[in-house]
Amino acid sequence: MKNTIVSKENNKAIFTMEFTADEFEQAVIDVYKQNKDKFTIDGFRKGKAPRSIIEKHYGEGIFYEDAINNLLEAAYPAALRELELDVIARPALEFSPMGKGKDLKITANVDLVPTIEPKDYKGVEVEEKISKVDKETVDSQLEGMRKRNARIVSVDRAAQNGDTVILDYSGFVGDEQFEGGTAESQELKLGSGTFIPGFEEQLVGVKAGEKKDVNVTFPENYHPPLAGKDAVFHCLVHEVKEEQLPELDDDFAMEVSEFDTLDELRKDTEATLLKQMEEQAREMAKASVIKKVTEANEVDAPDSMVEDDIDRSIMEINQQLAYQGLGVEQYLQFMGKTMQDMRDELRQQAEAQVKSRIVLGSIIEKEGITVSQDDIDAELAKLAEVYRKKPEEVLDMLGEENLPYFKKDLAMKKAIDFLYDNAKVSMVEETQEEKEMREEMEKAKAAASEKAQENKAEDEKEEK
């Protein structure tokens, strides 16, 4: 296959993909082999008719459309990578005359990600917040370490809030047992908010071996037919467990880290937190630079790019919901919303992100920002550390076909760093309100991460 640029201007490009007669013939043969069983022709058993007979009955081009589609499936993305074209919509295609012994030329007309003449992107004034690590923050981090290393042990007493109970339950609305409301040896942490409101509180005070009827009302936004219904769960508690935290001392420090004393662990924790805060502040400052530069440049966000961005966001939301045992459709039912409602809510953010990408891409082009092999190697090394693999293994995971997109992302990161390095950054201390907001966001993020890890562990347990 041969790829050639015909023209490239005004955010549009025309290029050709040329296949030899042999390449096209092989694609036709492959389609014939895949589909011959679908044809019934007098005088031949089903699937045994020669290609020439099928073509005589249905026309020489009977297999051409599928052959072209199969060729384009691999050839079109490869052409975009080779010609370095960043397209935003489906191509308009034109085909040369087709037939046995003829080469095939496909001409593609595509719309490209638009570029602008960027302005006012140097010397942007932004603030970067300076955070301090106080004793309470370090204590909270150490307390988190204690909880992650806690032992869960059985106790011979009534269940308390914060305990974990192992129970069987079966749910009824009236005299009818409802689907999905039954479980055996279910593990439930009281106070976690895992079950519907009112359920966990009623198990406080129950001992192992005791039965308990738990009466609840399903929320109005719960999925039908249970929404708003009164229900009773017949429960049998098998076991009550409590969380026992290790003592916060030198022995604990040696067990959970490479340090010999709690004081050393505390100092390292403080330094790590400070570094994280500084990195977070820098990223927020970079985001401010991007926002201001984007606002300073007039740019339209193509509808196709916005819709693609919304699609990606919904895929990410679906993945996050999967950790909670939900899907997007089920989530929308709970919230009383439609898919169009979700898309509309995501649209403003998507438009802003698309505009930023267009501006950054234009700055990359104007400033001649490139990605070297050293840049690629450095990024692979970072990812290798995160995934605990060798850089070459990360590259294999990435795949050769995705390398151009990887390089594009790196170019975007370099452009952002370029804007930050050329901005006028003022270092200011964060206010108490900003500190509290940051801490709440960090708690929410940590809780979501912990919940995701719990669900992942539960899924792995069920698979085993």
Side-chain angles (χ1 to χ4, degrees), residues 128-166 187-194 200 204 239-285 323 381-389 427-458 460-461:
E128 185 170 324
K129 304 297 183 180
I130 301 174
S131 304
K132 293 183 179 179
V133 182
D134 52 32
K135 180 179 181 298
E136 290 75 15
T137 303
V138 177
D139 288 344
S140 177
Q141 194 76 5
L142 293 175
E143 187 65 18
M145 292 184 189
R146 290 181 72 201
K147 288 183 177 180
R148 288 192 294 274
N149 288 273
R151 295 172 60 240
I152 307 296
V153 297
S154 294
V155 290
D156 185 17
R157 59 165 173 76
Q160 300 174 1
N161 201 41
D163 286 345
T164 295
V165 295
I166 310 299
E187 187 175 284
L188 173 63
K189 185 173 182 178
L190 303 185
S192 65
T194 304
E200 296 168 23
V204 172
E239 193 175 2
V240 177
K241 297 182 176 183
E242 72 173 7
E243 186 179 70
Q244 293 184 352
L245 300 179
E247 291 295 326
L248 197 59
D249 53 21
D250 291 347
D251 289 338
F252 173 75
M254 285 188 285
E255 183 177 341
V256 302
S257 71
E258 71 272 26
F259 301 106
D260 295 328
T261 67
L262 179 60
D263 186 56
E264 290 175 319
L265 176 59
R266 178 179 289 276
K267 289 179 179 178
D268 179 75
T269 301
E270 182 177 354
T272 300
L273 286 171
L274 181 59
K275 182 180 178 181
Q276 291 173 350
M277 289 179 182
E278 290 173 345
E279 290 175 349
Q280 184 181 38
R282 189 174 300 110
E283 291 305 312
M284 292 179 67
Y323 285 123
K382 290 180 184 178
L383 293 173
E385 188 173 344
V386 171
Y387 292 110
R388 298 180 180 179
K389 293 182 178 292
M427 309 299 286
V428 297
E429 288 192 19
E430 68 177 354
T431 64
Q432 181 62 28
E433 183 179 357
E434 289 170 337
K435 177 178 180 292
E436 291 173 358
M437 186 180 299
R438 172 178 55 78
E439 289 176 345
E440 286 300 317
M441 291 175 62
E442 289 171 354
K443 287 179 182 178
K445 185 178 179 181
S449 176
E450 183 177 346
K451 183 65 177 176
Q453 290 297 324
E454 289 176 359
N455 287 325
K456 183 179 179 181
E458 187 64 29
E460 291 174 349
K461 181 180 178 182

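Since this is a predicted model, take the numbers as computed values, not measurements. Because only heavy atoms are used, hydrogens play no part in the values below, and waters and symmetry mates are left out as well, while side chains stay in.
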Between the CG atom in Leu383 and the NZ atom in Lys389, the distance rounded to the nearest 0.5 Å is 12.5 Å
Donor-acceptor check, side chain of Thr272 to backbone of Asp268, threshold 3.5 angstrom: yes or no? yes
Output, in order, the C-alpha distance, side-chain angles, deciding distance and verdict of side-chain contact (heavy atoms from CB on, under 4.5 Å) for Glu429 and Lys132. CA-CA 8 Å; Glu429 288 192 19; Lys132 293 183 179 179; 3.9 Å; yes
Do you know the tightest heavy-atom contact between Val204 and Asn161? CG2-N, 4.1 Å
With rounding to the nearest 0.5 angstrom, report the CG to OG1 distance, Leu142 to Thr269. 5.0 Å
Among Lys241, Arg157, Lys189, find the residue that satisfies the side chain to side chain donor-acceptor pair (under 3.5 Å) test when tested with Asp163. Arg157
Rounding to 0.5 Å, atoms CD (Glu283) and CD (Glu279) come to a distance of 8.0 Å
Considering non-hydrogen atoms only, spot the tightest contact between Pro246 and Ala150 and give its length. CD-CA, 4.2 Å
Take atom CD of Gln160 as the centre, draw a 6.0 Å sphere, and report whether it contains more than 12 heavy atoms from other residues, nucleotides or ligands. yes
Atom OG1 in Thr194, atom CD in Glu187: separation rounded to 0.5 Å? 10.0 Å
Salt bridge Glu143-Arg146, side-chain N to carboxylate O under 4.0 Å: yes
Rounded to the nearest 0.5 Å, what's the gap from CD on Gln141 to CD on Gln276? Could you check? 6.5 Å
Can you tell me if CD on Glu433 sees more than 12 non-hydrogen neighbours from other groups inside 6.0 Å? no
From Glu278 atom CD to Glu128 atom CD, the distance as rounded to the nearest 0.5 Å: 8.5 Å
Looking at Phe252 and Glu247, what are the two nearest heavy atoms and their distance? CB-O, 3.1 Å
For Asp134, the side chain to side chain donor-acceptor pair (under 3.5 Å) test, sequence neighbours excluded, returns Thr137, Lys435
Can you name the nearest heavy-atom pair linking Asn149 to Met145, along with the distance? ND2-O, 2.8 Å
With side-chain contact (heavy atoms from CB on, under 4.5 Å) as the criterion, how do Leu188 and Glu200 come out once you've worked through the C-alpha distance, each side chain's angles and the decisive distance to 0.1 Å? CA-CA 8 Å; Leu188 173 63; Glu200 296 168 23; 3.8 Å; yes
Considering all heavy atoms, the nearest Val240-Val165 contact: CG2-CG1, 4.3 Å
Validation row: Asp139, Arg266 side chains within 4.5 angstrom (heavy atoms): yes
